[in-house]
Amino acid sequence: MAKRIQFSATGGPEVLQYVDFTPVDPAAGEVQIENKAIGINFIDTYVRSGLYPTASLPSGLGTEAAGVVIKVGAGVTALKPGDRVVYAQSPLGAYSEIHNVPLEKLAILPDNLSFELGAAAFLKGLTVHYLLRQTYEIKPGEVFLFHAAAGGVGLIACQWAKALGAKLIGSVGSDEKAELAKRAGAWATINYRRENIAQRVAELTNGEKVAVVYDSVGKSTWQDSLNSLKRRGLMVSFGNASGPVTGVDLGLLNQKGSLYVTRPSLYGYITNRQELQFASNELFSLIGSGAIKVEVKQEQKFALADAQTAHQVLESGKTSGSSLLIPGL
């Protein structure tokens, strides 16, 4: 028997249940992982709430963790029991002591990276990779706007931008978070609780505005993001922390300067193990060099049994950086 988190109805954090289950052997092409650290991501709250529907209920939750291979299914030769691995695109169910994951979703975790670092950095780091390196390729010296700059994805983006020699303007919800973003490498910050985002972007760019905005906040920042873009700029909407963007007026894109909008996800950029290896190699290289550092506050590490509390804290907006579930904590 092992323990996992599941939910039988969608809703708030209270629907999460800590239950016993009997792990099944990995199928052909799968690998069974004993999770040592599990990443908590905002997308998990979308799944739990029903914004992103699951195929059926009850359902597991979570797609990211780091751990040790304990069994391999038929046809798997690239990994063996004892190998250290990390994953970020597994089938739902990573909130678990034991999880079966397709081989193509797994990357070897370098020996110089801890399980906690792997679980804290992998999904968020891969997200920053596709955003800054593929959706729109940020150039040295380029100024751009990144919302939620003190969040788990945001702090990695601040550091990655600095490594690229780019100038990230980070929107944040407090002066404390502004300081975190600046320490991570943000060129400038905007406290959206007391500053007008678009106005500050215009001031910081001498009226030029920016060519790209990365927005994981959604509903509450949509207009500010569009207003921060220069002519033919790109709006990258990759999350819905404040609620989904609805009723998009295409005519508005015309009026504001023939703007572009995209709604990407990691699943559109990493579709096989080769693409995973390409992205993870660059991420691990930056982490290994010290250009990207990911730290998890002790108060943002939760026992697996405390997943409800973890989600409550995450949705309160009071966290910064990454949060983890630790089996056996």
Side-chain angles (χ1 to χ4, degrees), residues 124-218 220-239 241-242 245 252-264 269 282-283 286 291-293 320-321:
K124 298 172 182 67
L126 294 179
T127 298
V128 175
H129 181 270
Y130 88 72
L131 290 172
L132 303 193
R133 307 293 284 153
Q134 298 182 82
T135 302
Y136 179 100
E137 188 173 357
I138 296 295
K139 306 294 193 301
E142 185 160 23
V143 183
F144 65 99
L145 176 61
F146 202 103
H147 290 296
V153 172
L155 289 176
I156 293 176
C158 289
Q159 295 174 82
W160 210 313
K162 184 178 180 181
L164 292 171
K167 298 178 178 180
L168 181 150
I169 301 172
S171 79
V172 295
S174 70
D175 290 341
E176 179 185 12
K177 289 188 175 184
E179 185 57 35
L180 284 173
K182 287 178 182 176
R183 286 204 302 266
W187 174 66
T189 58
I190 300 170
N191 185 336
Y192 62 79
R193 297 193 188 279
R194 56 179 174 79
E195 296 179 286
N196 181 288
I197 292 174
Q199 182 178 326
R200 282 294 293 143
V201 168
E203 291 171 357
L204 289 164
T205 59
N206 296 316
E208 291 188 10
K209 302 185 180 181
V210 295
V212 62
V213 174
Y214 296 100
D215 191 339
S216 62
V217 178
S220 68
T221 50
W222 174 254
Q223 289 293 335
D224 286 320
S225 294
L226 295 183
N227 291 336
S228 299
L229 287 166
K230 64 174 63 173
R231 182 171 62 92
R232 295 169 60 189
L234 175 63
M235 167 65 176
V236 183
S237 176
F238 70 101
S242 68
V245 176
L252 196 61
L253 304 181
N254 173 29
Q255 295 167 22
K256 292 185 179 296
S258 299
L259 303 180
Y260 295 88
V261 175
T262 184
R263 179 59 175 90
Y269 287 86
E282 186 168 358
L283 173 63
L286 287 169
I292 290 178
K293 298 177 182 178
S320 61

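We're numbering straight along the sequence, starting at 1.
Checking Tyr214 against Thr135 by side-chain atom types alone, no donor-acceptor pair falls below 3.5 Å.
Here the side chains of Ile190 and Ile169 are in contact, with some heavy-atom distance below 4.5 Å. Side-chain contact check for Tyr260 versus Met235: every heavy-atom pair is 4.5 Å or farther apart. Side-chain contact check for Lys230 versus Val210: every heavy-atom pair is 4.5 Å or farther apart. Side-chain atoms of Tyr269 and Leu126, non-hydrogen and from C-beta on, never get closer than 4.5 Å to each other. At least one side-chain heavy atom of Leu145 sits less than 4.5 Å from a side-chain heavy atom of Ile197.
To the nearest 0.5 Å, atoms CG (Asp215) and OG (Ser220) are separated by 7.5 Å. The CD1 atom of Ile292 sits 8.5 Å away from the CD atom of Glu282 when rounded to the nearest 0.5 Å. Between atom CZ of residue Phe146 and atom CG of residue Leu168 there is a gap of 7.0 Å, rounded to the nearest 0.5 Å. Atoms CD and CG, from Glu137 and Leu131 in turn, are 13.0 Å apart once rounded to the nearest 0.5 Å. Distance NZ/Lys293 to CD1/Ile156: 14.0 Å, rounded to 0.5 Å. Residue Leu259 holds its CG atom at 5.5 Å from CG of Leu253, rounded to the nearest 0.5 Å.
In terms of modelled atom types and a separation under 3.5 Å, the side chain of Arg231 and the main chain of Gly257 share no donor-acceptor contact. Thr221 contributes no side-chain N or O that, together with a main-chain N or O of Asp224, makes up a donor-acceptor pair within less than 3.5 Å. The main-chain N or O of Val201 is found under 3.5 Å from a side-chain atom of Thr205 such that the two form a donor-acceptor pair.
By the 4.0 Å N-to-carboxylate-O rule, Asp175 lies too far from Lys182 to be salt-bridged with it.
Counted within 6.0 Å of CD on Glu176, heavy atoms from surrounding residues, nucleotides or ligands total 12 or fewer; the atom is thus considered open.
Under the side chain to side chain donor-acceptor pair (under 3.5 Å) rule, Asn227 has a single partner from Gln199, Lys256, Lys209, which is Lys256.
The side-chain hydrogen bond (donor to acceptor under 3.5 Å, both in side chains) contacts involving residues 138-154 comprise Tyr136-Glu142, His147-Ser171, His147-Ser225, where partners must be two or more places apart or lie in separate chains. Residue pairs that meet the side-chain hydrogen bond (donor to acceptor under 3.5 Å, both in side chains) test with at least one member in residues 150-162, sequence neighbours left out, do not exist here.
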